Amino acid sequence: MVDATYLKVRVDHRIRPMALMIAMGMTRDAMKELIGFRLKACESRETWGRFLSSLHARGLSGSSMSFSDAHEGLVLALQEVYPDVPWQRFQAHFSRNVSDAAPKRLRACLCLELMEMFNCATLKEARAHRDEIAAEAPEALARLDAGFKDAMTLMALPLATRSCTRTSNYLERLNVKVKRRAKVIGVFLSKGSLIRLVGTYLIEENDRWAAKSKQYWLPAVEEL
């Protein structure tokens, strides 16, 4: 899972928002793990590519699936660095994108319909539910059709793993905690000071995850 949040840094005597890119994952033991982070001037195909390439160079491979929002530069970078890893669009982001194109009176109902579609046990059932969604919002349905495949890639994963991987909740909570600590500083005096403070917090958070040993699904037991 990869995402970015923006923090204010003083660079060349000017205050600039900079993208803190964070990657986290779920291990085969069903535990959260911080994979890496990097500070960049912006989100682009090139900056995401360099970040992902650094993860690859450190040995990150063998992933079952990658998860992110639909940022074009990020998606292209994932395809370049990890061409054999299927990509899944965060379903919460996709749901907002679809419902935003519908009239306000229909949005709540449409979100419930989409949630039911996401919770289908098979891709065939999800397609059937998609086709049953009312056609009162043609632009929203066009977005649904266009993005359906990217939002349902995780149907290839075991059912037990889907609920904890389909949204960006874990990353967004982590970003909120980072911003809460960064708010105390306001504007970081340099990129180095940001990396030291935020990096220390992220490493400590990863250590807390490991100490809790919380499993987010029940791993399958291999037959002897």
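Everything quoted here is computed from the prediction, not taken from an experiment. Counting from 1, the numbers follow the sequence of the chain as shown. Excluded from the calculations below are hydrogen atoms, water molecules and symmetry mates; all remaining heavy atoms, backbone and side chain alike, are included.
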So how far is it from Y201 OH to R181 CZ, rounded to the nearest 0.5 Å? 4.0 Å
According to the salt bridge (Lys or Arg N to Asp or Glu O under 4.0 Å) rule, which pairs have a member within residues 149-167, sequence neighbours left out? none
Is it true that R50 and E46 have a side-chain N and a carboxylate O under 4.0 angstrom from each other? no
Between L197 and F188, which heavy-atom pair has the shortest distance, and what is it? CB-CE2, 4.3 Å
For the backbone of L20 and the side chain of T5, can you confirm whether one donor and one acceptor N or O come within less than 3.5 Å of each other? no
Considering all heavy atoms, the nearest V9-S190 contact: CG1-C, 3.5 Å
Would you please test I185 and L7 for side-chain contact (heavy atoms from CB on, under 4.5 Å) and show each step? CA-CA 10 Å; I185 305 298; L7 303 173; over 6 Å; no
Do F148 and M117 pass the side-chain contact (heavy atoms from CB on, under 4.5 Å) test, and can you show the C-alpha distance, the side-chain angles, and the key distance before you say yes or no? CA-CA 10 Å; F148 178 81; M117 182 187 77; 3.7 Å; yes
Pairs satisfying salt bridge (Lys or Arg N to Asp or Glu O under 4.0 Å), at least one member in residues 94-114, at least two apart: R105-E136
Distance-minimising heavy-atom pair for H129 and C120: CB-SG, 4.2 Å
Would F94 and L123 show up in the same hydrophobic cluster when neighbours are defined by side-chain heavy atoms closer than 4.5 Å? yes
Spatial distance of atom SG (C109) from atom CG (L114) [nearest 0.5 Å]: 9.5 Å
Residues in side chain to side chain donor-acceptor pair (under 3.5 Å) with T167, at least two apart? N169
Side chains of W48 and E43: any donor to acceptor distance under 3.5 Å? yes
Hphob cluster co-occupancy, Y170 + M65, side-chain heavy atoms under 4.5 angstrom: yes
Once you round to the nearest 0.5 Å, how far does OH of Y82 lie from OG of S63? 6.0 Å
Looking only at non-hydrogen atoms, find the nearest pair between S64 and L157 and report the distance. CB-CD2, 4.2 Å
When you measure from the side chain of S95 to the backbone N and O of Q91, does any donor-acceptor pair fall under 3.5 Å? no
Nearest-0.5 Å distance, CG of residue L171 to CE of residue M1: 7.0 Å
Is E116 atom CD crowded by more than 12 heavy atoms from other residues, nucleotides or ligands, each under 6.0 Å away? yes
Go through it in stages, so that I can follow the logic: the residues are M31 and Q215, the test is side-chain contact (heavy atoms from CB on, under 4.5 Å), and I'd like the CA-CA distance, side-chain angles, deciding distance and then a yes or no. CA-CA 5 Å; M31 294 171 59; Q215 291 181 305; 4.3 Å; yes
Give a yes or no on this: more than 12 heavy atoms of other residues, nucleotides or ligands lie within 6.0 Å of atom NZ of K40. yes
Value for CG (L60) from CG (L52), rounded to nearest 0.5 Å, stands at 9.0 Å
Examine distances only and state if a side-chain atom of D12 and a backbone atom of R14 form a donor-acceptor pair shorter than 3.5 Å. no
Without swapping roles, check the side chain of K32 against the backbone of N206 for a donor-acceptor pair under 3.5 Å. no
As a quick check of understanding, evaluate side-chain contact (heavy atoms from CB on, under 4.5 Å) for I22 and N175, giving each step before the final call. CA-CA 9 Å; I22 300 176; N175 286 340; 3.5 Å; yes
Hey, quick one: are M155 and L159 part of the same hydrophobic cluster, counting side-chain heavy atoms closer than 4.5 Å, chains of contacts allowed? no
Taking side chain as C-beta onward, heavy atoms only, is R58 less than 4.5 Å from L55? yes
So L34 and E205, do their side chains get closer than 4.5 Å, heavy atoms only? no
Under the 3.5 angstrom rule, does the side chain of R143 hit a backbone N or O of E139 as a donor-acceptor pair? no
Working to the nearest 0.5 angstrom, can you tell me the gap between M26 CE and T165 OG1? 7.5 Å
Say whether, by atom type as modelled, one donor and one acceptor occur between the side chain of Q88 and the main chain of A151 under 3.5 angstrom. yes
Mark yes when over 12 heavy atoms from residues, nucleotides or ligands other than K214 sit less than 6.0 Å from its NZ; otherwise mark no. no
Has the side chain of T153 got a donor or acceptor atom that lies under 3.5 Å from a matching backbone atom of W87? yes
So which atom in I195 and which in F37 form the shortest heavy-atom distance, rounded to 0.1 Å? CG2-CE1, 4.4 Å
Parallel, tilted or perpendicular: ring planes of F67 versus F90, cut at 30 and 60 degrees: parallel
Are V176 and R180 packed together at the side-chain level, in the sense that at least one heavy-atom pair is separated by less than 4.5 angstrom? yes
Shortest non-hydrogen contact between L110 and A102, atoms and distance: CD2-CB, 3.9 Å
Has S168 got a side-chain atom pairing as donor or acceptor with E172's backbone, closer than 3.5 angstrom? no
Are I35 and F51 linked, directly or through intermediate hydrophobic residues, by side-chain heavy-atom contacts shorter than 4.5 Å (ILVMFWY only)? yes
Same hydrophobic cluster for M21 and L39, using side-chain heavy-atom links shorter than 4.5 Å among ILVMFWY? no
